[in-house]
Amino acid sequence: MQNSPNPKTAQEDGVIRRLVENQRLFWNVHRISILLTVLYFASLIPLLVIAQYNYAGADDYSIGADCHAVWE
């Protein structure tokens, strides 16, 4: 006769297994979202660096003048 300390039913075992899988899934989704957020902000760095060389030219003045007239 075997004495098992705490026999689990199949239903309890399934519930525990689902909780563990959901916990793993949460941490995977959480890590992926953090990684994507970091990559997003890192991708903005080159745009911010090159933005200092941006200046108005050619059609920007004519289109900007029309827009300015509408807002006045």
Side-chain angles (χ1 to χ4, degrees):
M1 183 173 177
Q2 287 182 334
N3 292 334
S4 57
N6 188 9
K8 296 180 192 173
T9 64
Q11 184 178 8
E12 288 175 343
D13 190 38
V15 169
I16 292 171
R17 185 174 293 127
R18 280 193 304 260
L19 286 173
V20 170
E21 288 173 0
N22 286 342
Q23 185 71 13
R24 286 184 189 155
L25 178 65
F26 169 76
W27 283 110
N28 286 340
V29 170
H30 186 68
R31 287 181 183 158
I32 290 171
S33 65
I34 289 174
L35 174 68
L36 290 176
T37 302
V38 169
L39 287 174
Y40 171 72
F41 284 111
S43 71
L44 292 179
I45 293 172
L47 294 175
L48 294 173
V49 169
I50 202 168
Q52 64 184 341
Y53 301 111
N54 188 19
Y55 58 92
D59 66 338
D60 293 332
Y61 292 110
S62 61
I63 293 173
D66 293 340
C67 182
H68 181 72
V70 169
W71 279 99
E72 281 188 333

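Computation of the quantities below employed the complete heavy-atom set of this structure, encompassing side-chain atoms and omitting hydrogens, waters and symmetry-equivalent molecules.
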- Partner set under side-chain contact (heavy atoms from CB on, under 4.5 Å) for Tyr53, not counting sequence neighbours: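 Testing Tyr53 for side-chain contact (heavy atoms from CB on, under 4.5 Å), a comparison that skips the adjacent residues, returns Ile50.
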
- So how far is it from Phe41 CZ to Leu48 CG, rounded to the nearest 0.5 Å?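 That separation rounds to 10.5 Å.
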
- Task: Rounded to the nearest 0.5 Å, what's the gap from CG on Leu39 to CD1 on Ile34? Could you check?
- Result: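 So the gap between those two atoms works out to 12.0 Å.
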
- Is there a donor-acceptor pair closer than 3.5 Å between any side-chain N or O of Asp60 and the backbone N or O of Gly57?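 Side chain of Asp60 to backbone of Gly57, a donor-acceptor pair under 3.5 Å: yes, one is there.
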
